[in-house]
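Read the structure below first, then the notes.
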Amino acid sequence: MWWTGVLLSLCVGSGFFALADNTVESEARERFRHLARNAQFNIDASIKAYTEVLRGTASHFQAESPEHLTRESFHRYVQGLDLAHNFPAVDSINFAAYFTDAERAAHEAQMHAIERTDHSYPEYQIKPAGHRREYAVLTMIEPLDQFSNRYGFDLASIPKAAEALFAARDSGNMSSSGQPIPLRRYPNDIGMGMRIPIYRKKQHYSSVEERREACIGWAGLGFNVQKLINGALGDMSEHEVRVMLRDGGLVSAPLPASQPGPMLFDSHVGMPLPTGETSLALTLPIQFNGRLWQASFVSPRSAMYSHFDAYLPAMAASVGFGASMLIYALFMILASSRRRALRMARSMTRELRDSKSKLQLSHHRLRRLAAHADQIKEAERKRIAREIHDDLGQNLLVLRIEVDILVTRTAQRHPRLHARAQATLRQIDETIRSVRHIINDLRPTVLDLGLGAAVEWQVAQFRQRSGIDCELVEHGVDVGVDDHCATALFRVLQESLSNIYQHAHASMVRVELRRAAGMLRMSISDNGVGIRSEGRNKTGSFGLVGIEERVSLLGGHCSIISNPDSGTTIAVSIPVGLRPDAIPRTSELLWDQI
């Protein structure tokens, strides 16, 4: 018999081991996915930040007329960005002038005229030599000392770059050729560029011809991919996770899986990839100005384990085996001690009589505890609702007033800022409605106006939400109803209407509220399908039980009258005392009018 117990315990221990091992594996996979998606989000955020830098540069050029685009103003603008501290991955910001072959002579004459007064740049010469139909020549570069050799370079001489530039010019969108640029200053580093077209000042260009005619060049930004990705990975570097970034082609025409694009970044250059079941891998897409980057994350499983995870399966197996052996030993002892068990049963019978009285006392204490817990819950909900109302509500109100003033002042002079301000105002209004909804869920502020007003509001909300005809009959119940009693009756009404909406299939509801002879009485009646006998004691259903318990804790009485297909009536009566009604504060009334 003892060998049976050993075999059974081994089976249980093996089951615990498998369950714990599966749990550890699942947590490791989930931790890995979380790290990968975190890194994806951070890379996306970094790309957007650098994109905004380029858009800001484009706005700088757009704000100036072509004849006022000077190297000095551009130099001051880039210095103001403080790239080394704010955007460390940016290598250069530049401007490429656009002109046709017919305009080349005039452009070169203009550049030579600038050189006679400005000697900060080297001698201007278009590179590479030769004539082309259209040009995109770098005429402004910051910092110049590191990229002076690129001054005068015609980007349109590179076919893929020309294709991306002219497509961006015709569409007005930001572009990138997707071609990695080796950086000689940083071994194994890759640079990447993105550009946005600049047009002469005009409100709108409706055709490709107009955009080509108005285009004066492109603002460009070159950045170090390794610096950008390393800055975005954050705490992932603390784990043995290998991150590889490849160009996947255009979003509209991605490269097939069999032809991977060029490698842009590899956090573990030269190291072999972990393979097999001992590794975790995940590939996530990242959009970069119309191009699709594929970010691959690979990690050994062991790198995702915590110090405790390595020992958890063995500990679970030991616990399962030991617990099973103890249970089996207990079973054997009990089975071989029948006489002793009978003596214990007689002793337990005597103890049971004593326990009965203790149980009754415990039951009484539990009811008192339940009443206390209910009071604490309502008080806490009221406190939270009040804090949200007084702090967040007032702050949102002040913010709305400020944004409304901004909307008014920007209506004529700043249409774009006006549109953004209007969108912000709408978002603030939506937030205010959401906050009011949260406050009403915690504790409706209408309870501060009295029980009658709260019941009337709840009935109106029920009628609006369900479409069921709901009649309210009340007889002056606001005077002398304290907050605790009002809250209890309001919760009873909420639960009753919720049950009617979900289960009764009723077309009419009648709510009656009256106060007489020191008792506050409320009845809720419907013409629905009624409550069947098995429905009252349904497992997991505590609505009716909660109503009865809530009323009983207040020293009241609750009766539920229902027959199948004849509707249901819930009648409660609670003794009430005298207490003046609470008057809402002025700030609350102002908040509720928003």
Side-chain angles (χ1 to χ4, degrees), residues 44-70 72-83 86-87 90 93-98 140 142 164-176 193-221 223 251 287-291 395-434 594:
D44 277 332
S46 298
I47 291 174
K48 289 178 181 178
Y50 284 78
T51 300
E52 291 304 316
V53 173
L54 182 57
R55 292 190 187 279
T57 304
S59 299
H60 169 75
F61 284 116
Q62 196 73 46
E64 301 283 350
S65 57
E67 60 272 12
H68 294 106
L69 291 175
T70 64
E72 179 62 26
S73 66
F74 179 55
H75 176 71
R76 289 196 303 269
Y77 171 77
V78 176
Q79 275 192 326
L81 292 176
D82 194 6
L83 298 178
N86 299 325
F87 307 98
V90 173
I93 300 179
N94 52 67
F95 174 76
Y98 169 69
M140 296 184 190
E142 290 293 337
L165 285 171
F166 297 143
R169 174 201 62 190
D170 295 344
S171 65
N173 298 324
M174 192 175 296
S175 72
S176 173
M194 48 186 176
R195 297 192 172 275
I196 188 170
I198 308 297
Y199 303 99
R200 294 183 181 90
K201 290 183 179 180
K202 187 179 177 182
Q203 293 295 326
H204 179 68
Y205 299 100
S206 57
S207 66
V208 173
E209 289 73 16
E210 288 183 353
R211 292 192 186 95
R212 291 179 179 178
E213 180 67 25
C215 182
I216 61 174
W218 295 264
L221 182 146
F223 60 90
V251 173
Q287 291 198 19
F288 173 70
N289 297 316
R291 302 195 70 83
N395 290 338
L396 285 174
L397 177 59
V398 172
L399 181 60
R400 188 191 188 280
I401 293 172
E402 294 294 334
V403 175
D404 189 61
I405 294 173
L406 180 62
V407 170
T408 303
R409 292 184 177 180
T410 58
Q412 301 298 327
R413 300 179 61 186
H414 303 284
R416 292 185 180 178
L417 182 58
H418 178 68
R420 292 294 295 273
Q422 283 184 319
T424 303
L425 185 61
R426 288 192 295 271
Q427 186 63 38
I428 293 173
D429 288 338
E430 189 64 29
T431 304
I432 290 174
R433 284 191 290 272
S434 176
I594 298 176

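The pair Glu209-Arg212 fails the salt-bridge criterion, with no side-chain N (NZ, NE, NH1 or NH2) lying under 4.0 Å from an Asp/Glu carboxylate O. Contact check on Arg76 versus Glu72 returns a salt bridge, with a Lys/Arg side-chain nitrogen under 4.0 Å from an Asp/Glu carboxylate oxygen.
From Asp44, atom CG reaches atom CD of Gln287 across 8.0 Å, with rounding to the nearest 0.5 Å. One distance of note links OG1 of Thr431 with CG of Leu399; it measures 9.0 Å at 0.5 Å rounding. Atom-to-atom distance recorded for Glu52:CD and Ile47:CD1 is 13.0 Å, nearest 0.5 angstrom. The OG atom of Ser176 sits 13.0 Å away from atom CD1 of Ile196, with the distance rounded to the nearest 0.5 Å. The CD atom of Glu213 lies 6.5 Å from the CZ atom of Arg200; values are rounded to the nearest 0.5 Å. Atom CD1 of residue Ile432 and atom CD of residue Gln427 lie 11.0 Å apart, to the nearest 0.5 angstrom.
Counting all heavy atoms, side chain and backbone alike, Met194 lies closest to Asn289 at SD-ND2, 3.0 Å. Nearest heavy-atom pair across Val403 and Ala421 is CG1-O, 3.5 Å. Taking both residues in full, the closest heavy atoms of Ala168 and Pro197 are given as O-CG, 3.4 Å, listed atom of the first, atom of the second, then distance. Annotation for Phe61 and Ile198: closest pair CB-CG2, 3.9 Å, computed over non-hydrogen atoms.
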From CA spacing to verdict: side chain to side chain contact (heavy atoms under 4.5 Å, CB included), Tyr77, Glu142: CA-CA 10 Å; Tyr77 171 77; Glu142 290 293 337; over 6 Å; no

Worked verdict on Asp404 versus Leu425 for side chain to side chain contact (heavy atoms under 4.5 Å, CB included): CA-CA 7 Å; Asp404 189 61; Leu425 185 61; 3.7 Å; yes

Side chain to side chain contact (heavy atoms under 4.5 Å, CB included) assessment of Asp170 paired with Arg211: CA-CA 6 Å; Asp170 295 344; Arg211 292 192 186 95; 5.6 Å; no

Step-by-step side chain to side chain contact (heavy atoms under 4.5 Å, CB included) determination, His418 to Val407: CA-CA 5 Å; His418 178 68; Val407 170; 3.3 Å; yes

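No option in Leu83, Asn94, Val53, Thr57 other than Val53 meets the side chain to side chain contact (heavy atoms under 4.5 Å, CB included) test with Leu221.
No side-chain heavy atom of Leu396 sits less than 4.5 Å from a side-chain heavy atom of Arg400. Using a 4.5 Å cut-off on side-chain heavy atoms (C-beta onward), Phe166 and Trp218 make contact. Residues Arg55 and Met174 have side chains in contact (heavy-atom distance under 4.5 Å, counting atoms from C-beta outward). Contact of the Tyr199 side chain with the Glu210 side chain is not registered, since no non-hydrogen atoms from C-beta on lie closer than 4.5 Å.
In summary, the aromatic rings of Phe74 and Phe95 are positioned with their centroids too far apart to meet the 6.0 Å limit.
Using bins of under 30°, 30° to 60° and over 60° for the plane-to-plane angle, the ring pair Phe223/Tyr50 lands in the tilted bin.
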